[in-house]
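Presented below is the structure to which this report refers.
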Amino acid sequence: MRVTDGAGSTEETDETGETDGSNATNEASETNATNAPRATIEARDVTHGYGRERVLEDVTLSVAPGEVVALIGPSGVGKTTLLRLLALFERPDDGTVRHGGEDVWANGNGERLDHRRRVGMVFQEPNLFGASVRQNVAYGLRVRQGWPERVRHSFASILGSASTSPAVAQALEAVGLESYADRDVDSLSGGEAQRVAFARALAYDPDVLVLDEPTSELDPRNTAILEDAVRTARANGIGVALATHDMHQARRVADRVGLLLDDGIVEIDETDTIFEDPSDDRTRQFIRGDLVY
Amino acid sequence: MRVTDGAGSTEETDETGETDGSNATNEASETNATNAPRATIEARDVTHGYGRERVLEDVTLSVAPGEVVALIGPSGVGKTTLLRLLALFERPDDGTVRHGGEDVWANGNGERLDHRRRVGMVFQEPNLFGASVRQNVAYGLRVRQGWPERVRHSFASILGSASTSPAVAQALEAVGLESYADRDVDSLSGGEAQRVAFARALAYDPDVLVLDEPTSELDPRNTAILEDAVRTARANGIGVALATHDMHQARRVADRVGLLLDDGIVEIDETDTIFEDPSDDRTRQFIRGDLVY
Amino acid sequence: MSELPLEVLSIPAVAFPFEWPYVRSIIEVSLYVSTAAVLVSTLLSLPIALALGFTSFRGKGLLTSIITTGMGFPSVVVGLVVLFGVSNQGPLGSLELAFTPEAMILSQIVLAMPVITGVSLAAVSSVDDGVRDAAFAMGGTRLDVAIVTIREARYGIATAVLAGFGRAISEVGGVLIVGGNIVVSGESYTRTLTTAIQLEARQGRYETAMILGGVLVALVLLVNALVLRLGDGGGGRYR
Amino acid sequence: MSELPLEVLSIPAVAFPFEWPYVRSIIEVSLYVSTAAVLVSTLLSLPIALALGFTSFRGKGLLTSIITTGMGFPSVVVGLVVLFGVSNQGPLGSLELAFTPEAMILSQIVLAMPVITGVSLAAVSSVDDGVRDAAFAMGGTRLDVAIVTIREARYGIATAVLAGFGRAISEVGGVLIVGGNIVVSGESYTRTLTTAIQLEARQGRYETAMILGGVLVALVLLVNALVLRLGDGGGGRYR
Amino acid sequence: FASGDSGNDGAEIAGETLTLATTTSTDDTGLLAALNEPFEERFGVTVHTVAKGTGAALETARNGDADVVMVHARSLEDEFLEDGYGVNRRDLMFNDFVIVGESDDPAGIGGESEVEGALSTIAETESTFVSRGDNSGTHTKEQQLWADAGIDPAESGEWYVETGSGMGEALTRTNEMGGYTLADRGTYLSMKSEIDLKIHVQGPVGGGPESLMNPYGIVAVNPAVHENVAYDLAMAYIGFLTSLEGQEVIEGYTVSDEQLFFPEALAEEPNFEQYVPTAWRSSSDDSPSGSSNESTDQE
Ligand SMILES: Nc1ncnc2c1ncn2[C@@H]1O[C@H](COP(=O)(O)OP(=O)(O)OP(=O)(O)O)[C@@H](O)[C@H]1O
Ligand SMILES: Nc1ncnc2c1ncn2[C@@H]1O[C@H](COP(=O)(O)OP(=O)(O)OP(=O)(O)O)[C@@H](O)[C@H]1O
Ligand SMILES: [Mg+2]
Ligand SMILES: [Mg+2]
């Protein structure tokens with residue numbers, strides 16, 4: 001049996017029980033999780049592929065707290081693959097992924113779940129759950145709770161007596177959708193939906209946010225709002241890994257920019273250096289808008 | 001009853017019969033359609049929207065034979081909407097769409113079908129039919145034939161005795177997939193699939209090709225091949241309307257570039273002028289990579 | 001101490017108690033009635049599914065749930081209604097259809113149509129709008145777009161047809177009432193495999209009932225394999 | 001010259017010929033048996049559908065078509081097999097289940113499961129991988145991802161449950177054989193609406209058969225409306 | 001009356017459930033409901049009546065899934081007893097078979113006093129004849145009558161229609177298709193108001209030939225074969241049905257003012273009709289009694 005999609009492809013077969021255990025955060029501690037020291041996430045010398053095809057080879061990328069690292073590069077070079085490794089979706093074929101210095105995949109399922117829950121990920125598509133905006137944004141908090149509380153919350157939301165927790169309200173505020181908590185996601189525009197998706201990852205206050213072309217389908221207004229939200233997250237000490245096909249966006253929001261081509265990360269440096277004085281020829285070509293391969 | 005998708009949204013309820021009539025081209029004439037004089041397609045002062053929302057207002061755009069016109073602009077401004085009007089998918093709420101000077105929507109269904117069959121369209125997604133590459137590329141030619149011949153061809157392809165017509169072979173050659181005729185589309189990579197989609201629109205030698213972000217999901221190699229195919233089409237006298245989010249692509253392939261913002265086409269001019277000496281401030285900002293709205 | 005159950009569940013040691021012409025005629029009637037009903041149902045269902053799948057109008061949801069409900073329509077009731085229709089006094093009385101294979105076909109059309117419509121509606125609706133747009137963009141007429149849609153949904157439509165066929169050939173309440181389970185001169189006139197099985201079961205001849213049941217299941221499997229093979233050859237498309 | 005058809009097709013002038021307790025008990029048995037069977041089937045089917053929908057392995061296609069075939073499994077044959085199982089001589093003989101509502105539930109589980117599994121498999125498979133990825137990304141466990149998948153597919157799963165319920169409550173061959181159509185002191189023990197209808201039809205009392213048929217159809221409609229309302233409240237998701 | 005070993009103490013069977021396997025034609029008349037009610041009341045028990053084809057009813061009993069059987073197919077009952085599955089058979093009641101057909105009697109069989117003549121006329125005129133075709137008691141009787149008339153109907157043309165169904169269905173189909181059928185009087189009478197068929201040849205009840213006699217018997221399932229069967233209760237049931245009270249219920253049961261069944265269990269010289277294999281007759285008591293279990297020692 002081979003599991004075909006990312007969500008099930010980890011070997012965490014036994015992780016369903018331990019939510020009630022040490023890792024359970026209650027509503028009160030949700031908002032002050034910021035006080036915990038944040039850890040760096042790092043892919044070190046990772047090699048990864050699908051089937052026999054190798055997509056990444058010996059790639060290293062680290063994202064420190066409060067740092068925005070943008071990944072640019074043409075389609076198909078493996079930006080998404082690298083981000084999925086950083087978000088602990090998949091185990092690298094070779095190399096390590098480290099969170100706070102610890103090799104995450106050397107750990108057991110329960111510990112890996114703890115690490116995984118310090119990471120948030122937003123995709124190109126909003127991928128919202130068919131429910132209210134509140135339920136979507138609260139989802140990450142819910143799964144971190146014990147079952148009795150989850151059931152209680154389900155009933156509350158069915159009975160319409162659900163209240164917006166401070167963390168959820170804060171996350172919605174960050175994307176300018178304070179008043180949207182009760183809306184059904186079906187009634188949102190594409191831009192609003194993507195902003196909710198961002199709030200959803202923000203709500204449980206992760207160490208690092210992994211964003212895979214989050215604005216590629218958005219109009220400039222919504223793009224600007226999301227970029228602002230990224231800056232706010234950065235100010236709060238959250239590390240951000242951002243893949244984008246829009247190098248101007250990288251220039252606008254990133255502290256560091258890496259160019260990923262078929263051979264791996266060709267160059268990674270301070271944003272200004274990359275855009276004004278790149279050391280690699282292909283970087284220069286790419287920045288100029290040439291087709292590089 | 002409201003028809004919800006583009007394919008059915010025209011009022012051409014009665015056009016199913018006339019394929020056998022005056023418009024039927026036989027295999028022999030497929031390849032020399034190039035000899036027929038090509039006509040300009042033009043959207044003149046069109047206004048269009050969905051429901052009560054107005055997307056385009058008083059927009060004019062024309063594409064002459066042998067000319068590549070690129071449409072750039074942020075997401076959601078109506079690039080796709082304008083292209084669909086040019087490809088005669090939808091009737092503009094106001095204004096006219098003209099092919100060879102004739103107001104297409106003033107005509108009856110049968111005549112509009114004739115006009116429509118002089119236009120080819122390629123989408124962001126390949127949208128291939130689940131069949132062989134040959135069947136996909138030959139589709140446009142097939143629907144232009146009478147039913148007896150279509151049935152004959154179906155049988156031939158079921159029996160495996162289908163031959164590649166010159167027009168199909170030529171179209172596949174233009175995208176570098178000469179040897180792919182017998183492949184099933186399921187076995188193609190994303191780039192190959194998109195190239196087949198391009199060949200499919202090329203095969204019946206239209207007056208104008210309408211391309212809606214055809215390379216936005218392709219890697220640089222496949223992008224380069226498609227851009228070459230666009231240049232070849234242009235050399236053959238085919239007019240091309242191209243929407244792209246990649247202004248570098250516009251610069252590489254277009255004769256003229258138009259910037260579409262919420263207010264309509266802000267500026268449209270020779271490619272060099274737009275990129276080096278734009279007359280509108282917002283064009284300058286957009287070219288610089290700012291978020292313009 | 002009846003020797004039936006275990007014996008039958010293993011390989012039946014019972015000699016096959018029927019004449020082959022009798023069994024053959026039953027299989028023929030079953031196949032004739034179900035196949036004809038499924039063909040007609042499919043021809044009626046596909047246009048409905050296409051129309052429902054790609055238009056939106058008030059009451060569409062209601063119509064869809066009526067179709068869903070129709071999937072669970074009790075065959076006995078359908079049989080009764082059809083019998084009223086074709087009986088001497090009914091609106092179709094002059095056609096003398098009561099207790100004929102044609103009446104059975106009528107009743108099975110009523111039973112199979114909601115299934116075929118419902119399942120193909122799902123299949124057809126899931127065809128990507130992009131592919132329909134592509135057919136239209138290549139110069140296809142509305143008919144061409146419909147044909148492309150059907151081709152793209154062929155796997156789902158095959159499933160729909162099979163589900164309808166399964167419902168028809170395995171159904172006993174309706175065909176019994178309108179067909180009458182009639183045998184003439186040792187050959188079936190309106191006796192199907194299901195009514196024959198039921199008859200055997202009524203007589204306590206469970207072994208022979210199970211043998212006929214095995215024939216029926218084998219038939220259904222065969223038809224499934226055949227149709228799936230035809231409908232296959234391209235399950236998914238490159239997206 | 002039966003005078004039935006037209007009279008019944010219009011509003012039946014016949015006085016309702018049953019005692020209410022009798023009809024009520026029949027409805028109760030029908031509902032009890034079908035609901036219990038559908039509940040158990042759903043609990044068994046959902047994990048199977050989830051497992052099948054998101055893993056790939058050799059023979060998956062075969063397994064899927066076996067399920068499809070199972071949808072058309074003849075109820076008479078299922079009834080016979082279950083009867084063998086629960087009869088005094090069968091493997092479950094010691095439970096004394098022959099001619100009890102529980103045996104009917106068993107037979108209906110066998111009938112409803114393929115339908116529920118098959119239809120929810122389709123529903124579950126069509127849940128966007130992106131939404132499952134999102135649940136995982138938010139820190140969900142495998143169980144959480146499964147729950148999200150079920151919630152996203154709730155409309156399709158509701159349809160599956162309804163299709164299973166429809167098959168169960170409208171089925172007559174199986175429940176008749178294993179249940180025995182028993183009435184005790186004027187109240188139903190194992191008589192369902194379908195077996196009652198069949199009994200009336202057998203005796204030529206078509207009006208009363210049709211009245212019971214109407215009750216059955218009304219019941220199916222009611223349950224459909226109820227379940228669809230519950231399963232609704234978010235048919236499609238913003239893509 | 002006979003009620004088995006523990007029949008003296010009603011409390012022992014109170015609350016138990018008796019499963020009766022019988023034929024649809026018996027159940028459809030409504031007689032069983034009339035019989036069961038006083039029985040259930042008297043003993044505080046429940047009767048589950050499972051109505052099936054004759055063959056299936058006996059098969060159910062053979063499997064031990066029923067406690068008592070009531071059928072009307074003597075040869076099959078004998079086989080059942082002979083195989084050791086049943087004990088203590090009693091004659092219960094009788095009615096008769098009749099030949100019914102369209103009220104205008106197109107073939108003109110009404111004038112025939114003998115069954116053979118009526119059947120010959122039907123065959124000659126090739127009038128539709130609907131046969132049960134289900135090996136039931138009625139069907140077996142019908143085949144025997146055809147044989148007596150020297151006709152093999154199954155081979156002689158399309159007028160002979162086997163419908164493979166119960167009595168009620170055969171009657172409704174005859175009504176719809178036109179033609180004739182052989183029916184038991186009970187079912188015919190209970191359905192008379194639904195159909196437009198008339199009796200053209202009477203059975204013994206209506207003064208017709210003895211060959212149309214239709215006797216019903218009741219048999220308890222042998223507890224030595226199936227130890228789970230409620231034998232005491234079965235015997236109580238047989239006892240009640242063959243008692244004065246039970247027989248009176250049968251006597252008094254009418255549909256549209258017509259009596260359907262005629263009691264047969266009580267006579268001045270009762271014939272218990274317990275089947276005893278001929279091979280045994282010498283070695284065993286010559287007068288087996290309904291309350292004795294000795295005969296279950298066979299095998
Ligand atoms: N699940 C998968 N199975 C097989 N191949 C895959 C899978 N996901 C990605 N690939 C392949 O791996 C390569 C890298 O894909 P990836 O999505 O990481 O690229 P990307 O840089 O994110 O591209 P884009 O800019 O188009 O999103 C591609 O060739 C792709 O076809
Ligand atoms: N079928 C439709 N029904 C309703 N609204 C639509 C429809 N198609 C497009 N729109 C809306 O019309 C506006 C313009 O859409 P359009 O697709 O033409 O933009 P675009 O410039 O092509 O954007 P992108 O770069 O994202 O493709 C958007 O606000 C969109 O939401
Ligand atoms: Mg990507
Ligand atoms: Mg667009």
Side-chain angles (χ1 to χ4, degrees), chain D residues 1-5 7-8 14 17-19 22 29 76 79-80 82-90 92-101 103-104 175-191 195-210, chain E residues 17-22 24-25 27-30 32-33 36-37 39-41 45-52 56-57 59-67 102-104 165-176 178 187 190-197 221 225-230:
Chain D
M1 274 213 231
S2 93
E3 64 295 275
L4 323 173
E7 229 180 274
V8 171
V14 225
F18 304 116
E19 307 278 332
Y22 171 72
V29 170
V76 188
L80 281 178
V82 171
L83 185 61
F84 283 155
V86 301
S87 124
N88 196 33
Q89 308 302 108
L92 303 176
S94 55
L95 301 177
E96 306 245 320
L97 288 178
F99 309 126
T100 62
M104 298 159 81
V175 285
L176 188 62
I177 288 179
V178 302
N181 197 23
I182 295 172
V183 165
V184 176
S185 316
E187 296 205 1
S188 162
Y189 176 60
T190 57
R191 179 167 300 175
T195 57
I197 292 168
Q198 210 233 19
L199 177 64
E200 297 298 315
R202 195 172 74 199
Q203 300 179 47
R205 295 203 294 264
Y206 291 144
E207 303 97 329
T208 55
M210 285 304 291
Chain E
T17 297
L18 177 77
T19 305
L20 163 68
T22 185
T24 48
S25 52
D27 192 34
D28 287 357
T29 57
L32 287 177
N36 289 345
E37 199 181 327
F39 173 72
E40 289 174 330
E41 223 160 77
V45 296
T46 310
V47 181
H48 286 174
T49 306
V50 181
K52 304 194 152 205
E59 196 60 42
T60 303
R62 275 175 204 261
N63 286 339
D65 292 326
D67 308 310
E102 290 166 274
S103 43
D104 56 355
S165 56
M167 194 68 255
E169 288 148 316
L171 283 167
T172 54
R173 268 159 223 171
T174 310
N175 186 50
E176 186 68 34
T187 311
S190 64
M191 283 187 58
K192 210 169 93 175
S193 60
E194 314 289 337
I195 52 181
D196 189 29
L197 299 175
V221 177
V225 175
H226 295 297
E227 61 221 36
N228 66 306
V229 298

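Below, chain A is the first sequence line, B the second, and so on; all start at residue 1.
Rounding to the nearest 0.5 Å gives a distance of 9.0 Å between OG of D/Ser185 and CD of E/Glu41. To the nearest 0.5 Å, atoms CG (D/Leu176) and NZ (E/Lys52) are separated by 7.5 Å. In this structure, E/Thr24 OG1 and D/Leu199 CG are separated by 9.5 Å, a value rounded to the nearest 0.5 Å. Here CZ of D/Arg205 is found 7.5 Å from OG of E/Ser190. Values are rounded to the nearest 0.5 Å. Atom-to-atom distance recorded for D/Gln89:CD and E/Arg62:CZ is 12.0 Å, nearest 0.5 angstrom. Interatomic distance, D/Ile182 CD1 to E/Thr46 OG1, rounded to the nearest 0.5 Å: 11.0 Å.
Residues that satisfy the ring pair (Phe, Tyr, Trp, His ring centres under 6.0 Å) test with D/Tyr189, not counting sequence neighbours, are E/His48. Applying the salt bridge (charged side-chain N to carboxylate O under 4.0 Å, His left out) rule to E/Asp27 yields no partners; only residues at least two apart in sequence or on another chain are considered.
For E/Ala33, no part lies under 4.5 angstrom from a heavy atom of chain D. Contacts between E/Asp65 and chain D at a heavy-atom distance below 4.5 Å involve backbone atoms as well as side-chain atoms. Of the two parts of E/Glu37, neither the backbone nor the side chain holds a non-hydrogen atom closer than 4.5 Å to a non-hydrogen atom of chain D.
Of the listed residues E/Thr172, E/Asn228, E/Asp28, the one with more heavy-atom pairs under 4.5 angstrom with chain D than any other is E/Asp28. In terms of heavy-atom pairs under 4.5 angstrom with chain D, the leader among E/Glu169, E/Glu102, E/Arg173 is E/Glu169.
Counting all heavy atoms, side chain and backbone alike, E/Asn63 lies closest to D/Ser87 at CB-OG, 4.0 Å.
Between D/Val183 and E/Thr49, the closest side-chain pair of non-hydrogen atoms is not below 4.5 Å.
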